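As the structure is a computational prediction, the values presented were derived from the model and not from experiment. One is the number of the first residue; the rest follow in order along the sequence. All heavy atoms count here, side chains included; hydrogens, waters and symmetry mates do not.
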Amino acid sequence: CTKEKIGEYRLYKCYLDNSSSTNSKSNQIPEIGFAANLFISNKENINNQLIEPTTVTTIASSGEMTSSAPIYLPLGEYQFTAFSTNGEAINGLDISGESAVSLQNGKDYLLAVVNSNFEETNIHLNFKHLSSLLDIVVETIDGASISLNEMKITLPDCNESMLDRTNQRITSTHTLLPLSSVAGSGNTRSLMILPCTSAIMIELNVSGIVNGDSFSSKIFRCSIQPPF
């Protein structure tokens, strides 16, 4: 974020940082239209939220962002927090402390947290992923032909997940939901899941031919060990 001095206030214009970082999973600049909710609080008391959540949106290929309303702040030190579901703005989101935010599996949650002195020239919002991406691929060996009819998975319980702004993460859950089907086609399934500390159970329903023997709707089960 760059600032413009207006009397005793500063007007910030925000840019996404595309440099690599140990806290970032990607160095890509989001496409134009990427939206995130920006929160500003006192550095010494992050629960003291100074403004209502403000939507910031990418308006240029360079990563330049603009806010839905001007942001004016007096001199001081602040924590800037930007939260996004990778492009889908969540207006009115309350993330004071560890408030629940109706999290869901299947969404790519992103978070950027920056502590900054008001007089600093630039503030870089370097987003990191909070969800885990699972890619499940059923492969065959020579002499086999397999088709994945359906995949089911025990997803993390959304009701136990909260956004922990203090520690810059989504709290992990121990509880898993019953087996549920994962949408998709072919022999590959991909989905985003919330942080979890329990082993995920996967059930595969497959049909095919192995060594000349055909079978239909055979069930295989396996587990993937945490943490996610």
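- With rounding to the nearest 0.5 Å, the separation of OG1 in Thr140 from CG in Asn187 is 7.5 Å.
- No chain of hydrophobic side-chain contacts below 4.5 Å, direct or via other Ile, Leu, Val, Met, Phe, Trp or Tyr residues, connects Ile224 to Leu133.
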### Message
Between Thr81 and Leu111, is the side chain to side chain contact (heavy atoms under 4.5 Å, CB included) condition met? List the steps.
### Response
CA-CA 7 Å; Thr81 303; Leu111 181 70; 3.6 Å; yes

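- With ring centers used as reference points, Phe39 lies 6.0 Å or more from Tyr78.
- For the pair Leu38 and Phe83, the minimum side-chain heavy-atom distance is 4.5 Å or more.
- Screening Glu150, Glu203, Arg189 for a side-chain hydrogen bond (donor to acceptor under 3.5 Å, both in side chains) involving Ser181 leaves a single residue, Glu150.
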### Task
Go through Phe80 and Val113 one step at a time and tell me if the side chain to side chain contact (heavy atoms under 4.5 Å, CB included) criterion holds.
CA-CA 6 Å; Phe80 295 81; Val113 179; over 6 Å; no

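- Heavy-atom minimum distance, Cys222 versus Met201: O-SD, 3.1 Å.
- Within the 4.5 Å cutoff, the side chain of Ser223 has heavy atoms near those of the Gln225 side chain.
- Connection of Val114 to Leu110 is established within a shared hydrophobic cluster, with ILVMFWY side chains joined at heavy-atom distances below 4.5 Å, either directly or through further cluster members.
- Between the side chains of Ser198 and His174, no donor-acceptor pair is found at a separation under 3.5 Å.
- Residues Ile202 and Met151 are in side-chain contact: their nearest non-hydrogen atoms beyond the backbone lie under 4.5 Å apart.
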### Message
Could you walk me through whether Ile146 and Val210 satisfy the side chain to side chain contact (heavy atoms under 4.5 Å, CB included) test, starting with their C-alpha distance in whole Å, then the side-chain angles of each, then the deciding distance to 0.1 Å, before giving a yes or no?
### Response
CA-CA 8 Å; Ile146 300 293; Val210 177; 4.1 Å; yes

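- Residues Met192 and Lys107 approach most closely at CB-O, 3.7 Å, considering heavy atoms.
- Between Cys196 and Phe228, the closest side-chain pair of non-hydrogen atoms falls below 4.5 Å.
- In this structure, Leu204 and Val138 have side chains that are in contact, with non-hydrogen atoms separated by less than 4.5 Å.
- Closest heavy-atom contact between Ala199 and Leu176: O-CD1, 3.0 Å.
- Between Asn205 and Leu148 the shortest side-chain heavy-atom distance does not fall below 4.5 Å.
- Residues Phe220 and Ile200 share a single hydrophobic cluster, defined by chaining ILVMFWY side chains whose heavy atoms lie under 4.5 Å apart.
- In this structure, Thr57 OG1 and Ile59 CD1 are separated by 9.0 Å, a value rounded to the nearest 0.5 Å.
- Grouping the Ile, Leu, Val, Met, Phe, Trp and Tyr side chains by contacts below 4.5 angstrom, directly or via other members, places Leu177 apart from Leu103.
- Ala36 approaches Ser84 most closely through the heavy-atom pair CB-CB, 3.7 Å.
- The distance from the CG atom of Asn105 to the CD1 atom of Ile193 is 7.0 Å, given to the nearest 0.5 Å.
- Side-chain contact check for Asp157 and Thr173: no donor-acceptor pair (N or O, by modelled atom type) lies under 3.5 Å.
- Note that CG of Leu155 and CG of Leu179 are 9.0 Å apart. Values are rounded to the nearest 0.5 Å.
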### Message
Under the criterion ring pair (Phe, Tyr, Trp, His ring centres under 6.0 Å), I'd like the reasoning laid out for Phe34 against Phe127: C-alpha separation, chi angles, the key distance, then a yes or no.
### Response
CA-CA 12 Å; Phe34 170 87; Phe127 288 87; 5.7 Å; yes

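- Inspection of the Asn149 and Ser207 side chains reveals an N or O donor paired with an N or O acceptor under 3.5 Å.
- The CG atom of Leu194 sits 5.5 Å away from atom CD1 of Ile170, with the distance rounded to the nearest 0.5 Å.
- In this structure, CG in Leu163 is found 10.0 Å from CZ in Arg169, a value given to the nearest 0.5 Å.
- Closest heavy-atom contact between Ile209 and Ser214: CG1-CB, 3.9 Å.
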### Message
Quick one, Ile136 with Ser190, criterion side chain to side chain contact (heavy atoms under 4.5 Å, CB included). Give me CA distance, side-chain angles, the key distance, then yes/no.
### Response
CA-CA 6 Å; Ile136 310 297; Ser190 297; over 6 Å; no

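- When atom types are taken as modelled, the side chain of Thr171 and the backbone of Met162 share a donor-acceptor pair closer than 3.5 angstrom.
- Put simply, the side chain of Lys128 reaches to within 4.5 Å of the side chain of Gln168, judged on heavy atoms.
- Cluster membership for Ile219 and Val182, using ILVMFWY side-chain heavy atoms within less than 4.5 angstrom, is not shared.
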